[in-house]
Amino acid sequence: MIATQAKLVYQLNKYYSERCQTRKAAIAKTIREVCKVVSDVLKEVEVQEPRFISSLSEIEARFEGMEVIAPNEFEVVLYLNQMGVFNFVDDGSLPGCAVLKLSDGRKRSMSLWVEFITASGYLSARKIRSRFQTLVAQAVDKCSYRDVVKMVADTSEVKLRIRERYVVQITPAFKCTGIWPRSAAQWPMPHIPWPGPNRVAEVKAEGFNLLSKECYSLTGKQSSAESDAWVLQFSEAENRLLMAGCRKRCLSVLKTLRDRHLELPGQPLQSYHMKTLLLYECEKHPRETDWDESCLGDRINGILLQLISCLQCRRCPHYFLPNLDLFQGKPHSALEAAAKQTWRLAREILTNAKSLDKL
């Protein structure tokens with residue numbers, strides 16, 4: 001048994017250094033190329049409208065605010081400033097979303113975003129996005145990369161297609177630090193020893209982002225409060241939780257397996273599903289010794305089996321917001337196909353570690 005385990009860990013480490021590192025290097029190269037174009041477009045936006053200041057910055061060869069959705073799909077989070085005069089309201093009526101309401105007695109004119117405030121006093125995510133989209137469209141025509149970049153039509157999101165190969169979504173956002181959403185109040189679960197009080201305090205201080213984007217949990221419902229709502233995002237908090245042990249290596253292997261074998265019609269699975277299930281696996285195995293490199297094979301198998309179970313039940317709860325289902329809106333047939341393919345993958349890895357040479 002131990003020999004089998006050691007063999008799997010050896011093969012996974014080989015897989016990591018050959019496949020995962022190659023994937024990382026290719027994505028890093030793409031990001032540099034993509035960020036040049038996006039920075040140029042955002043510079044033009046800033047000239048027209050100084051309230052949209054680019055926050056895309058390179059820190060130690062990493063771009064802050066850049067999320068990799070897939071090897072050819074990215075999201076740039078553009079942080080807006082001065083949210084001050086608004087109250088943050090997440091009463092659970094809009095899963096995964098919150099609204100920003102003008103504080104009682106505060107005058108609209110005190111807000112930097114005065115023309116985006118609705119009659120009922122909400123700062124409208126949709127109105128800000130619509131204005132931003134117009135500015136980006138004009139910037140694309142003026143920027144020095146206009147021959148290789150164009151706007152993606154038929155969406156209220158701000159998306160650029162670059163060199164016909166990459167899609168980058170640019171999402172206006174507010175950073176919320178020092179507060180924690182009520183809809184995530186159940187975290188951490190009192191009976192689970194991970195991640196420990198110090199790490200919890202760090203994560204909660206890190207806070208979350210409010211993004212102006214279409215919220216898939218609201219698809220089909222279009223009351224005004226819903227189209228004005230902001231989407232909650234916890235990427236910094238999640239990354240902080242995955243820092244120790246072999247967690248990052250584990251995520252890298254899962255993302256590589258996803259890109260190579262689970263890129264399926266209907267897009268049922270994204271890297272974010274892998275990250276979410278990895279966080280749940282951390283709760284199931286709360287001791288740091290469970291995340292020693294020698295346990296990498298067990299953790300990968302555990303997550304793949306959990307993924308199959310979620311796909312079969314057609315439900316994958318968000319880690320911090322368990323009322324939000326990450327499979328919502330995904331076609332059942334696509335989830336079924338993904339369950340079968342994940343099962344084939346897991347069985348292959350479980351029964352024959354050497355199969356990783358081909359995967």
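- By the 4.0 Å N-to-carboxylate-O rule, Glu202 lies close enough to Arg199 to be salt-bridged with it.
- Geometrically, Lys127 does not engage Phe116 in a cation-pi contact, judged by NZ or CZ lying under 6.0 Å from the ring centre and within 45° of the ring axis.
- Annotation: side chain of Leu56 is not in contact with side chain of Leu78 (no heavy-atom distance under 4.5 Å).
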Practice task
Could you give me the CA-CA distance, side-chain angles and deciding distance for Glu263 and Arg258, then say whether side chain to side chain contact (heavy atoms under 4.5 Å, CB included) is met?
Solution key: CA-CA 6 Å; Glu263 178 70 66; Arg258 189 220 78 92; 2.7 Å; yes
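- Between Leu8 and Asn301 the shortest side-chain heavy-atom distance falls below 4.5 Å.
- A donor-acceptor contact shorter than 3.5 Å links the side chain of Asp90 to the backbone of Arg182.
- The minimum heavy-atom distance between Pro265 and Ala334, with the atom names listed, is O-CB, 3.6 Å.
- Distance alone, capped at 3.5 Å, places no donor-acceptor pair between the Tyr145 side chain and the Ile162 backbone.
- Between Arg240 and Glu206, at least one side-chain nitrogen of the basic residue sits less than 4.0 Å from a carboxylate oxygen of the acidic one, meeting the salt-bridge criterion.
- The neighbour count for Arg260 CZ, taken as heavy atoms of other residues, nucleotides or ligands under 6.0 Å away, is above 12.
- Separation of atoms CG (Leu311) and CH2 (Trp343) is listed at 13.0 Å; rounding is to 0.5 Å.
- Atom SG in Cys176 sits 7.0 Å away from atom CG in Leu100 (nearest 0.5 Å).
- Heavy atoms of other residues, nucleotides or ligands lying less than 6.0 angstrom from CZ of Arg287 number 12 at most.
- The shortest side-chain heavy-atom distance between Leu262 and Leu257 does not fall under the 4.5 Å cut-off.
- Ser156 and Glu214 share a side-chain donor-acceptor pair at under 3.5 Å.
- Taking 4.0 Å as the cut-off between side-chain N and carboxylate O, Glu336 and Arg314 count as a salt-bridged pair.
- A distance of 7.5 Å separates NZ of Lys255 from CD1 of Ile27, quoted to the nearest 0.5 Å.
- Looking only at distances, no side-chain donor or acceptor of Arg19 sits under 3.5 Å from a matching main-chain atom of Val253.
- Here the CZ atom belonging to Phe86 is positioned 4.0 Å from the CG atom belonging to Leu123, to the nearest 0.5 angstrom.
- For the atom pair CZ (Arg161) and CE (Met151), the distance works out to 12.0 Å, reported to the nearest 0.5 Å.
- Inspection of the Asn239 and Lys248 side chains reveals no N or O donor paired with an N or O acceptor under 3.5 Å.
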Exercise for the section: In sequence, state the C-alpha distance, the side-chain angles, and the governing distance for Tyr319 and Leu324, and then conclude on side chain to side chain contact (heavy atoms under 4.5 Å, CB included). Expected result: CA-CA 9 Å; Tyr319 179 66; Leu324 180 63; over 6 Å; no
Exercise for the section: Under the side chain to side chain contact (heavy atoms under 4.5 Å, CB included) rule, what do Leu269 and Thr342 come out as? Steps first, then yes or no, please. Expected result: CA-CA 10 Å; Leu269 284 181; Thr342 308; 4.2 Å; yes
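- Relative ring orientation between Phe74 and Tyr166 is described as perpendicular, the plane-to-plane angle rising above 60° on a 0-90° scale split at 30° and 60°.
- With sequence neighbours excluded, the residues satisfying side chain to side chain donor-acceptor pair (under 3.5 Å) with Ser294 are Asp292.
- Around the NZ atom of Lys340, the shell of radius 6.0 Å holds no more than 12 heavy atoms that belong to other residues, nucleotides or ligands.
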Handout entry: Steps toward side chain to side chain contact (heavy atoms under 4.5 Å, CB included) verdict (Val47, Lys142)
Key = CA-CA 11 Å; Val47 170; Lys142 288 183 183 162; over 6 Å; no
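- The pair Arg163-Glu33 meets the salt-bridge criterion, with a side-chain N (NZ, NE, NH1 or NH2) lying under 4.0 Å from an Asp/Glu carboxylate O.
- Ring-plane geometry between His318 and Tyr272 is classed as tilted, the angle between the planes lying from 30 to 60 degrees on a 0 to 90 degree scale.
- Checking each of Glu281, Glu238, Glu288 against Arg247 for a salt bridge (Lys or Arg N to Asp or Glu O under 4.0 Å) leaves exactly one that passes, namely Glu288.
- More than 12 heavy atoms of other residues, nucleotides or ligands shown are found within 6.0 angstrom of CH2 on Trp180.
- Two different hydrophobic clusters hold Leu350 and Tyr10 under the rule that ILVMFWY side chains link at heavy-atom gaps under 4.5 Å.
- Counting heavy atoms from C-beta outward, Arg129 and Val158 have side chains that approach closer than 4.5 Å.
- Residues Leu160 and Val152 approach most closely at C-CG2, 4.1 Å, considering heavy atoms.
- Side-chain rings of Trp113 and Phe52 approach one another, their centers coming within less than 6.0 Å.
- Thr256 places a side-chain N or O within 3.5 Å of a backbone atom of Ser252 that can act as its donor or acceptor partner.
- Here the side chain of Thr134 pairs a donor or acceptor atom with the backbone of Ser130 at under 3.5 angstrom.
- Ionic pairing of Asp357 and Lys14 is present here: one or more N-O contacts between side-chain nitrogen and carboxylate oxygen are shorter than 4.0 angstrom.
- Using modelled atom types, one side-chain atom of Gln133 and one backbone atom of Glu157 make a donor-acceptor pair closer than 3.5 Å.
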Exercise for the section: Test ring-ring contact (aromatic ring centres under 6.0 Å, His included) on Phe174 and Phe88 and set out the steps. Expected result: CA-CA 11 Å; Phe174 286 110; Phe88 166 78; over 10 Å; no
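- Contact annotation: the side chain of Phe327 never approaches that of Cys313 to less than 4.5 Å [non-hydrogen atoms, C-beta and beyond].
- No donor-acceptor pair under 3.5 Å is formed between the side chain of Gln312 and the backbone N or O of Ala339.
- Looking at Asp40, its side chain never comes within 3.5 Å of a backbone N or O of Cys143 through a donor-acceptor pair.
- With hydrogens and angles disregarded, no donor-acceptor distance shorter than 3.5 Å links the side chain of Arg131 to the backbone of Ile128.
- Atom CG in Asp259 sits 11.0 Å away from atom CD in Gln270 (nearest 0.5 Å).
- Side-chain atoms of Gln306 and Lys284 include a donor-acceptor pair closer than 3.5 Å.
- Two residues are said to be in side-chain contact when any heavy atoms from C-beta on lie closer than 4.5 Å; Gln21 and Lys24 meet this criterion.
- Taking 4.0 Å as the cut-off between side-chain N and carboxylate O, Glu67 and Lys213 do not count as a salt-bridged pair.
- With hydrogens and angles disregarded, no donor-acceptor distance shorter than 3.5 Å links the side chain of Trp187 to the backbone of Val200.
- The closest side-chain heavy-atom distance from Ile303 to Leu278 is below 4.5 Å.
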